[in-house]
Amino acid sequence: MKPWIMRSSSFVLSASLLLPVAQAHAQSPHVSTNKMATTVSQSDSVAQAKAKLSKEAALALATKIVPTAGMTVQNVSFRSADSWRPFPEWSFSWVKKDPENGKTLLSYSVSIHANTGELTSYSRHDQESSSLPYAKRISYIEAQEQAKRFFEKNNAGKAAETRLYTRDMPEPKTPLNSEVFYNFRFVRDVDGILFPDNGADITVDASGTVTNYSLSWNDVTFEDTDTKISEEEAEKLFKEQANPKPVYLLPWDRVETQNNKPSLGYMNPFTFYMDAETGKALTQSLTPYQPTKDPEPVSSKVLPARRSGQPLSQEEAVQWASKALNLSNYELRSANYNERDYRGNRPVWDLEFGEKGNSEDGFAYVSVDAVTGDIYRLNKEFRSHKEKTSAAKKPNMEKLKAKAMETIRDLAPTMAHQLYWTERVEEENQPVVDSERTQIRFERFINGIAAASGSAYFTFDTETGDLLSYSADLGSETYPTQVPKHLPAAEASEKWWTETKAEAVYALVPLTPEDAKRAKEQPSYTPKRTAKIVYRATMTPFEQPYYLDAVTGEWSSTSTGKTIALHRPAPADLKGHPAEKELLLMYEYDALTLENGNIMPQKPITRGEMIEMLMISLNQGRHYPEYSLERKATYSDVANGSRFFSAVEGAVDRGLLDKNASKLNPNETITREELADMIVRALGYKKLTDFPGMFQSQLSDIANSKYRGSIIIATTLGIVPTDKQKFQPQSLVPRADAAITFTRFLEKRDTPDGPVTLLRK
């Protein structure tokens, strides 16, 4: 159901209020009898009265879009304009249910602009859409055309004022199943300049059916400037004002034990905007972009630990915490000891104290390093808010920052030289929010470079300045003693710009504080908006976030840390090959790699390559699960760290491979009979091969093969190619044949009746 049904500024009418009873029953024998509560505010009633379209007129427009035959009107709502969606809207929904069990089979929802009659929102959900055969899916380009046609047919006016924008989205990979949705963004075009805040989002499924459409459109005054700088000038200014700095990064998809060695890299340094008239850098809030000051260390030198020696006992830890934090009025409620705590794999005591004589309210939580005595965590008297008796006091940030630094030096001295105060540009330009509490954050730096993890957070009572909570965590990763030799900032900036383009766009000018306050207090208030021309720098889109490795100079995946190719070269020897489409699919998913620019269709495929591709298909294009170093390798020749390790172990867990074998030989070629067995296992029909006598076949050379059952299943289904007379079980499998087999596997595995039915035909 669409979100508009739940909006607080709308009211909902039951279907019986929308149409005369006889007419509603004539449309469908399954008319909804649910009586939905009708709540109409005075402002909504006024807005409905002022709307140019009545609900009957809006419904007439909506039914031109939705095939309502056999469907039931489920509900209707009207929503007045507000700051989130600045136009009034009629919304309708229909459902089609199974007459036997009442299950919803098909549903639609449509929203119509209550003044212009334009389609503003649309969704369609079909329970049977997932039954589409893989071979019947449409391509990304075909889906793109479907989205254009839908837009032009159902909102021609807005379609003419937008253009399809793909610069920020990579063309998706060829899907490996039919459950795929293609998303497109049509951006508002104002005299040749894009206005990204406005436009239409359209989703098309694998059958070519539009499943979602949403229009966002503001009444905006667009500032014009006759002195807009050129793209060439903007490019020069972007480079001059960028300030790239290397940082340590931890790829988030690495498993735990592989994730303790951060990479040194440069993130995109062109995330700011540029005023198209003055050439000055702006934040994304359109405020002046100020270079951040150098980080300020909590301590300029390494401080000695608070204690040393054997780990603290529970009694000693309690005494230590009570003395350090003045907990004389508290008593211990619980204690937990962890020898390898997540905070740096250190031995840590977690202690809970309760205020004496106060069993319900007063408390304190403390985490103590059992060796150094560092306090990692403190939550004290974090009670519910008191009623305000006066306006919130503006915090003295310098005073609180100094107090936080002193707290770190006192409670966690071994961390002090690695924790730094840093200015956060966007946050510094935000107004101070009325609050009883003020938060301060410190970040970790190693030899002057921002660490991949590690920080300290403080919460103070704004009025009294009392410390309410504190938490410090330096992470468990290890860093080199010296900064590795790496690309200088200027070279990194130039490299980034090779994948970046300056683009003039309109950006909404932020609301004034007065308008923001009024919009918050009055949901129906729609302030007048203006937009100004700015330049932004857009990167080459890729299927996953990436960074520039500062040591190697290569592009790397932020999720895996592996080197990536932003621009995949086309194989030189594939054009016109009979298996071109199938080979490109395997190359697209990195199951096949180029050799001197060639994909070599006739080269025999290896066992590891085929296993990898099958696992990719079974896991929606990725290798899951990932396995840590604690996972014992099933095969002696596929150790953890091997390219094929995750795919092979995943295949073992799925039953695709014989886990009783000692070796897999992943780099050796695979035979046709082995391929057939692997395919049948992936289909989930390996158990059928336990009864080879039930299968008949005209193939003359498979009688002695231990994979006879698998061969018959795979060839009868038309997955593994054969000449109908001989199978040649011991022959090797060329890459081209492997690619064809894999594509046929994708098509046949979605056959509704399954292999057993096909075998009986």
Side-chain angles (χ1 to χ4, degrees), residues 283-285 287-288 290 292-299 321-322 324-330 343 351-356 358 360-367 374-413 415-416 419-444 454-474 510-521:
T283 69
Q284 294 190 5
S285 300
T287 55
Q290 302 293 337
T292 57
K293 297 178 182 178
D294 290 335
E296 182 180 348
V298 173
S299 174
S322 299
L325 301 171
N326 190 19
L327 299 177
S328 57
N329 195 38
Y330 289 76
R343 286 159 289 209
L351 309 172
E352 179 183 352
F353 296 87
E355 190 175 22
K356 295 177 181 178
N358 186 355
E360 296 182 356
D361 201 2
F363 67 86
Y365 296 104
V366 182
S367 295
D374 282 349
I375 307 294
Y376 290 130
R377 176 191 177 205
L378 166 66
N379 277 19
K380 184 180 179 183
E381 309 242 345
F382 210 69
R383 296 187 177 117
S384 58
H385 289 193
K386 304 181 292 291
E387 285 191 19
K388 294 183 180 180
T389 56
S390 60
K393 179 181 178 182
K394 187 174 181 178
N396 184 331
M397 296 302 294
E398 283 299 320
K399 184 176 180 180
L400 293 179
K401 181 180 77 171
K403 186 171 184 178
M405 287 183 165
E406 183 59 35
T407 300
I408 295 174
R409 290 191 291 265
D410 181 40
L411 298 183
M415 300 182 183
L419 292 172
Y420 286 67
W421 166 270
T422 59
E423 275 192 343
R424 305 177 70 81
V425 176
E426 290 289 343
E427 294 177 3
E428 288 295 313
N429 285 300
Q430 298 300 319
V432 176
V433 180
D434 290 345
S435 174
E436 296 176 359
R437 301 184 175 99
T438 300
Q439 293 187 333
I440 292 180
R441 176 183 177 182
F442 294 84
E443 296 181 358
R444 185 187 186 192
S455 58
Y457 293 88
F458 289 82
T459 302
F460 292 96
D461 185 301
T462 301
E463 185 173 350
T464 65
D466 290 342
L467 176 63
L468 300 176
S469 70
Y470 146 74
S471 176
D473 175 13
L474 291 190
L511 293 174
T512 64
E514 295 76 19
D515 274 340
K517 181 179 180 181
R518 185 175 175 186
K520 184 177 180 180
E521 295 173 348

Closest heavy-atom contact between [X] and [Y]?
X	Y	answer
K401	I440	N-CD1, 3.6 Å
K403	G465	NZ-O, 2.7 Å
A416	I408	CA-CG2, 3.9 Å
A321	V366	CB-CG1, 3.9 Å
V298	M405	CG1-O, 3.5 Å

Between atom [atom1] of [X] and atom [atom2] of [Y], what is the distance when rounded to the nearest 0.5 Å?
X	Y	atom1	atom2	answer
R377	D473	CZ	CG	12.0 Å
E398	L400	CD	CG	9.5 Å
N379	E352	CG	CD	10.5 Å
W421	R441	CH2	CZ	11.5 Å
K399	T438	NZ	OG1	12.5 Å
S455	L419	OG	CG	8.0 Å

| task | Specify whether Y365 and F363 have parallel, tilted or perpendicular ring planes, treating 30° as the upper limit for parallel and 60° as the lower limit for perpendicular. | result |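 Rings of Y365 and F363: tilted, as their planes differ by 30° to 60°.
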Hey, does the side chain of [X] reach the backbone of [Y] with a donor-acceptor pair shorter than 3.5 angstrom?
X	Y	value
S322	L327	no
Y470	L411	no
R437	T459	no
T283	S285	yes
D461	E463	yes

| query | Between E406 and R409, is the closest basic N to carboxylate O distance under 4.0 Å? | reply |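 The answer is yes: the pair qualifies as a salt bridge.
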| message | For F442, run the side chain to side chain contact (heavy atoms under 4.5 Å, CB included) check against F458, Y457, Y420 and tell me which one passes. | response |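 The option that passes is F458.
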| Residues, nucleotides or ligands: over 12 heavy atoms within 6.0 Å of K356 NZ |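 Above 12, so yes.
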